Amino acid sequence: MTPDLLSSLSLSTPELIIAIGALVLLMVGAYSREASSGAISGLAVAILIVAGGWMLFVTGEGNAYGGAFVQDAFARFMKLLSLVGSAVTLIMSVRFAKAERFDKFEYPVLILLCTLGMMLMISANGMIALYLGLELQSLAIYVLAAINRDNVRSTEAGLKYFVLGALSSGMLLYGISLVYGYTGNVGFEAIANALSHGGRQLGLVFGLVFVLAGLAFKISAVPFHMWTPDVYEGAPTPVTAFLAAAPKMAAMALVVRVTMGAFEPIAKDWQQIIVFISIASMALGAFAAIGQTNIKRLMAYSSIGHMGYALVGLAANSEAGVRGVVIYMLIYLVMTLGTFAFILAMRRNDQNVEQISDLAGLSSTNPMMATILTILMFSLAGIPPLAGFWGKWYVFLAAINANLYALAIIGVLASVVGAFYYLRIIKLMWFDEPVGAFQPMAGELRLVLGLSGAFVLLYVLIGGPISTYAQAAAKTFF
């Protein structure tokens, strides 16, 4: 092997661990059939932990595979978030999958392959690597959404996501072809260099629009959000938890890397696009969730709104803005995992219930669950001094420092409107008549819910080190 290839393999060892692990588990599952699904899920979690540990303590930084793959502080931080999201959702889904009879060995293998795609997306340093990582992630998610084949809603969710995902992939490819046509390059650094010396051309701006449209679909930003409520509601709840958590980390990281890397010389153009989709996402997330009765659909609109808030930091086009995005995505991940741990525990008569009205009077039947969910709802609404408040604080402060006053004001107003539907859930739990107790909560769900609640409540004590790591990740682009 050449030194360059050895160096590249060394930098991408975490990805190789997941890829080889997924293939081995696929063969084990194929030969041992359904009896091995629980063991394969455990091994998949172990593989994710090993890959994360290797990335943190062994893997260095640098470019690999001719510059198509980059390992830096930003990639390390966002990959860690993706790995945590994948591992936690796998742990939370084991008992639910058995109860709902879709505990197939393919499920953890698909999670691993999807995670591999996410890690490649985060480290992509060129348009080809971007597309390959994105499609590897997307193809696995299409199958995951429809994995419960006996459920019509699950099958419908997978089909909707596939059709709309194919449309977004086509838009992304068309944008990439325009960028390549006008710059003659597919590498991010080469594109940025060509833009610095060649100037801005109208066709190139069209290419930028199509690329951002394809990426906006993956973070469910308006106006490319139309798949989100239906897929969130129709997919099995563990898959919805996964969709709301890990893939959002990778897609947002890719949006940051594309804008701050390849298209930095034409920042004025992409800033306008980011500001528009940010405002639209915050507004729709705030108003459309008000009338929802299904808690998974409500979380879908909540997710759309939160992606809008995160984009406020990116629109600032500054180091403080990127730091705000990184911190916001971390806090969003923890809040989302905790909330979905609660949703997975909403079971009566061995059936999962999803209506918001099923939460009525929870404080009487299970005061601890009600208390932790109240903390998470206040944090999602951005009430100080909880973690959600600090996430919004960083992105809004970055926007103000970048003179984007209107964007910050709209964000604050959207937060006020959005607080209504979070407070409605709190009112139901504490002031309405109970409709019946839920079944006892599984140990792993109790652990995830408790840890997320503690993180949100005590963030003010641990926020300093997190901000330092986020600052180091943001410096990658400056």
Side-chain angles (χ1 to χ4, degrees), residues 41 45 81-97 99-100 102 107-108 111 114-115 141 144-145 147-148 153-154 157 220 228-249 285 289 292 294-307 329-347 351-356 358-359 362 366 369-370 372-381 387-388 421-422 425 429 438-439 441-456:
S41 293
V45 173
L81 296 187
S82 297
L83 288 168
V84 169
S86 298
V88 172
T89 48
L90 254 181
I91 292 168
M92 291 196 302
S93 64
V94 175
R95 293 199 197 188
F96 184 95
E100 297 295 323
F102 71 92
Y107 178 73
I111 293 281
C114 187
T115 306
I141 292 182
L144 282 171
I147 196 166
N148 194 1
R153 288 200 312 167
S154 177
S220 60
T228 314
D230 292 336
V231 174
Y232 272 43
E233 182 182 9
T237 306
V239 176
T240 305
F242 177 71
L243 273 171
K248 293 285 173 64
M249 305 298 116
Q292 301 304 317
N294 183 292
I295 195 163
K296 287 164 70 177
R297 286 186 75 89
L298 183 141
M299 288 304 295
Y301 286 109
S302 171
S303 173
I304 292 168
H306 282 291
M307 291 305 103
M329 295 310 292
L330 166 63
I331 293 171
Y332 167 79
L333 175 70
V334 175
M335 295 188 299
T336 299
L337 290 174
T339 305
F340 273 98
F342 179 90
I343 294 172
L344 282 164
M346 291 173 59
R347 294 185 70 82
Q351 294 291 324
N352 210 221
V353 292
E354 300 175 358
Q355 296 303 305
I356 295 172
D358 289 310
L359 296 171
L362 183 64
N366 195 325
M369 280 179 71
I372 298 177
L373 185 62
T374 299
I375 292 170
L376 291 173
M377 290 294 110
F378 275 134
S379 183
L380 285 165
Y421 53 84
Y422 298 121
I425 292 176
M429 291 191 298
F438 293 134
Q439 291 173 211
M441 198 173 190
E444 64 274 14
L445 298 180
R446 196 180 298 119
L447 178 64
V448 173
L449 184 62
L451 289 176
S452 62
F455 177 91
V456 164

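The structure presented is a predicted model; accordingly, all values stated were derived computationally and were not measured.
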task = May I have the step-by-step check of side chain to side chain contact (heavy atoms under 4.5 Å, CB included) for F242 and L144, ending in yes or no?
result = CA-CA 10 Å; F242 177 71; L144 282 171; 4.0 Å; yes
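- Heavy-atom minimum distance, I331 versus A387: CD1-O, 3.3 Å.
- Considering R297, M299, Q292 as possible partners of E233, the one that fulfils the side chain to side chain contact (heavy atoms under 4.5 Å, CB included) test is R297.
- For M335 against V456, the heavy-atom pair with the smallest separation is CG-CG2, 3.9 Å.
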task = Could you go through the side chain to side chain contact (heavy atoms under 4.5 Å, CB included) check for D230 and R153 one step at a time?
result = CA-CA 9 Å; D230 292 336; R153 288 200 312 167; over 6 Å; no
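- Side-chain contact check for I141 versus P247: some heavy-atom pair is nearer than 4.5 Å.
- Between F96 and M92 the shortest side-chain heavy-atom distance does not fall below 4.5 Å.
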key: Derivation of the side chain to side chain contact (heavy atoms under 4.5 Å, CB included) call for E354 and T237   = CA-CA 9 Å; E354 300 175 358; T237 306; 4.1 Å; yes
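- Closest heavy-atom contact between S154 and I147: OG-N, 3.8 Å.
- No side-chain donor-acceptor contact under 3.5 Å links N366 to the backbone of F438.
- Side-chain contact of S220 with K248: a donor-acceptor pair under 3.5 Å is present, judged by distance alone.
- Ring geometry, H306 versus Y332: the interplanar angle falls from 30° to 60°, so the pair is classed tilted.
- A donor-acceptor pair under 3.5 Å is formed between the side chain of S379 and the backbone N or O of G388.
- Looking at every heavy atom in both residues, A157 comes nearest to V231 through O-CG2, 3.6 Å.
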task = Walk me through it: do Y422 and S302 pass the test side chain to side chain donor-acceptor pair (under 3.5 Å)?
result = CA-CA 9 Å; Y422 298 121; S302 171; 2.6 Å; yes
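- Proximity of a side-chain donor or acceptor of T89 to a complementary backbone N or O of S86 within less than 3.5 Å is detected.
- When all heavy atoms of G453 and I372 are compared, the pair lying nearest together is CA-CG2, 4.1 Å.
- If you take CG on L81 and CG on L330, they are separated by 5.5 Å, rounding to the nearest 0.5 Å.
- Under the rule for a side-chain hydrogen bond (donor to acceptor under 3.5 Å, both in side chains), R446 has no partner lying at least two apart in sequence or in another chain.
- Side chains of S452 and L376 form a contact here, defined as non-hydrogen atoms less than 4.5 Å apart.
- Note that OG of S93 is 6.5 Å distant from CD1 of I111, once rounded to the nearest 0.5 Å.
- Inter-residue side-chain proximity for I304 and Y301 is flagged as met; some heavy-atom pair is nearer than 4.5 Å.
- Here the CZ-CD1 distance, from F342 to I425, works out to 9.0 Å after rounding to the nearest 0.5 Å.
- In this structure, T374 OG1 and M429 CE are separated by 3.5 Å, a value rounded to the nearest 0.5 Å.
- One finds the CG atom of L359 at 6.5 Å from the CG atom of L373 (value rounded to the nearest 0.5 Å).
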request  = Walk me through it: do M441 and L449 pass the test side chain to side chain contact (heavy atoms under 4.5 Å, CB included)?
outcome  = CA-CA 10 Å; M441 198 173 190; L449 184 62; 3.4 Å; yes
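- Contact detail for I356 and N294: the closest heavy-atom pair is CG1-C, 4.1 Å.
- Here L445 contributes atom CG and I91 contributes atom CD1; the two are 10.5 Å apart, rounded to the nearest 0.5 Å.
- Between the side chains of Q439 and R347, not a single donor N or O lies within less than 3.5 Å of an accepting N or O.
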